[in-house]
Every structure is written in C-alpha cells, then in structure tokens.
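Side chains are part of it too, since the values below use all heavy atoms of this structure and drop only hydrogens, waters and symmetry mates.
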Amino acid sequence: MTQHPHQPGLADFFPSAIFGEGSILEFNRLTLARVVMGLLVSGALLAVAYRPKLVPGRGQMAVEVIAEFIRSNIALEMLGTKNGRKFSGFIGFAFFGVLAMNLAGIIPGLNIAASSVVAVPMVFAVITYATYIGAGIKAQGVGHFFASQLLPPGLPKPMYLLITPIEFLSNFIVRPVTLTVRLLANMMSGHLLLGMTYFGTATLLHALSAISSVSILTGAAMLLMTGFEVFVAFLQAYIFTILTAVYIKLSIESH
C-alpha cells in the first residue's frame, strides 16, 4: 500500500499519548519536546557555567554573547545598574527558557515547538506575573504597590470608580494574558507554515516520483521557512524578555 505524507494541521497540537493515556501522567510528543529542550538548555548552560574556558569554543562563545546581550541591553538598560544586576538572572532564564521551547520546532523527531500549545506560554507568563508582583511589593510595600498600580495620582476622586477597574484589568489580567497569547499564536503559526512547506515538497516528490522544478521551489521554500522559524524563535524570546523587564520596571517604580 502506498503511504502518503502526513498533512500538517491542528491535530499536530493534540498528539496521541506515548504512555499514560487519560491520566495526569500522560506523556506525548509535546511533553517529550518540553523535557528534551529543558534538558538540552540546562545541560548547555551548566556546561558553560562550570567548565568555562579561557579561550571559549563556539558553544561557550555563543552562550556568553547572548547572555551579555540580555544583561547589558535589556536588564541593565531598562532597569538600571542596581535593579538590572538583581533581575538579570531571572531575565536570562526567561530568554533561554522561551528560546529553547521555541526551537523544538526545528529539532528532527520533535518537529513542533513546545511553546505552540498554551501550557508552556502560560507557565512562563505566570512565573513572570508572580515575579513582577513580588518585586513591586518588595520594593514599595503592599499598600503603596497596589495604590501605584490601581490609583493613578492627580485624578478627581470620582474618576477612580471608572479608572481603578480599568487599571486592574490592564495590570493584573491583560498583561499575563497577552504574554501567553502573543507567544502561543506566533509559534502555532510558525509550526503550520513550516509543516505546510515540508508537506508540499514531500507531496510533489511523491506524486511526480522525481525531482521537478516545482518540488525544487517548494524545497527552497522549506529551507527558507526553517530559517524564518529560527528567526521567529529568537524574536519571540526577545519580545517576551523585553516585556518581562518592562513589567518589572513598572512594578518597582512609582508612576
């Protein structure tokens, strides 16, 4: 029987269980992607941290360049020297964590970004949410923090009946939701675009039983989309990290 190439679609985001189907321990391809990428990024960072070389190799140099960029151009630039040093570790964690989950989409055998389902973006958003609220309370105190977030100064008192609910929705509901949805939507669309170019190439080669000019063009598109997926993975990790730093800044400084 002739096998046809797998057509990418929404079913990719709901893979069948590898084991534990129907239980809280269910393990599928998306879970595998999270575990693999978590181990890879942890192993790479630990290797650089515990065995640094005076003359760094390519791997160490790449990690150091990215880490220094995140520290200098996001943490220190946006939060200042004191707070930037304090939060640079967390901001670096957010960048490398999101980036690793995003890059799972181009790893053979995984072929789907771990952040293309809502669980991973939501976890990172919740961690960021808890961090900026905790940082604000620690810096300003409970009362002053919530007052600065919910009661903009200089308004007539009756206006607070309208402004305070809007500020609550904006600062405590919209922020974590937008962090989640932005990352989720971009990685879902990236997977579908990449999957369709692979599917188009495989289908044409299968139907024509030969390499044609059309299949060559779709193959070129496949390589282009893979490069684009890597770019989107870095870009979304960068945007997530920028927003994390912005939210922390808004929480530790009075308006």
Side-chain angles (χ1 to χ4, degrees), residues 18-20 25 27-79 81-117 119-132 134-135 138 179-180 183-184 186-187 190-191 226-227 229-245 247-248:
I18 299 174
F19 63 82
L25 299 177
F27 194 93
N28 56 35
R29 186 160 61 95
L30 284 165
T31 312
L32 177 64
R34 298 167 196 162
V35 172
V36 169
M37 299 312 294
L39 291 175
L40 283 177
V41 71
S42 298
L45 295 179
L46 286 172
V48 170
Y50 286 104
R51 293 184 179 179
K53 298 178 181 178
L54 186 61
V55 180
R58 292 180 182 178
Q60 180 180 333
M61 184 178 296
V63 171
E64 289 179 352
V65 167
I66 295 173
E68 179 58 29
F69 176 82
I70 297 300
R71 181 178 184 273
S72 299
N73 293 277
I74 298 181
L76 298 180
E77 182 73 21
M78 300 191 68
L79 299 176
T81 302
K82 180 181 178 181
N83 289 320
R85 289 176 177 174
K86 183 186 299 183
F87 290 101
S88 60
F90 174 74
I91 292 172
F93 150 78
F95 180 84
F96 282 106
V98 173
L99 177 62
M101 296 301 162
N102 292 350
L103 288 176
I106 63 169
I107 302 297
L110 299 178
N111 301 118
I112 188 169
S115 49
S116 61
V117 290
V120 171
M122 184 182 293
V123 166
F124 280 107
V126 168
I127 293 172
T128 299
Y129 179 81
T131 299
Y132 82 75
K138 184 176 180 180
L179 277 176
T180 301
L183 180 57
L184 173 66
N186 279 280
M187 300 318 298
H191 170 75
T226 301
E229 181 79 353
V230 173
F231 170 74
V232 169
F234 275 90
L235 179 63
Q236 291 306 313
Y238 176 74
I239 292 173
F240 191 97
T241 307
I242 284 283
L243 291 174
T244 296
Y247 294 160
I248 292 173

Report yes if the side chains of [X] and [Y] come closer than 4.5 Å at any heavy-atom pair, otherwise no.
X	Y	answer
L79	I91	yes
V232	N102	no
F90	T244	yes
Y238	F69	yes

Gap between atom [atom2] of [Y] and atom [atom1] of [X] - 0.5 Å precision:
X	Y	atom1	atom2	answer
I248	T128	CD1	OG1	7.0 Å
E77	I70	CD	CD1	13.0 Å
I127	L179	CD1	CG	12.0 Å
L32	I107	CG	CD1	11.5 Å
S115	L184	OG	CG	8.5 Å
N73	E68	CG	CD	8.0 Å

Pick out which of M122, M101, Q236 makes a side-chain contact (heavy atoms from CB on, under 4.5 Å) with L183. Q236
Would you confirm whether the ring centroid of F96 sits within less than 6.0 angstrom of the ring centroid of F93? no
What orientation do F124 and F240 show, parallel under 30°, tilted 30 to 60°, or perpendicular over 60°? perpendicular
Please report the shortest heavy-atom distance between [X] and [Y], naming the atom on each side.
X	Y	result
A237	V98	CA-CG1, 3.8 Å
L76	R85	CD2-N, 3.7 Å
R34	A114	CG-CB, 3.7 Å
I74	A245	CG2-CB, 3.8 Å
F95	I66	CE2-CG2, 3.3 Å
T241	A94	OG1-C, 4.3 Å

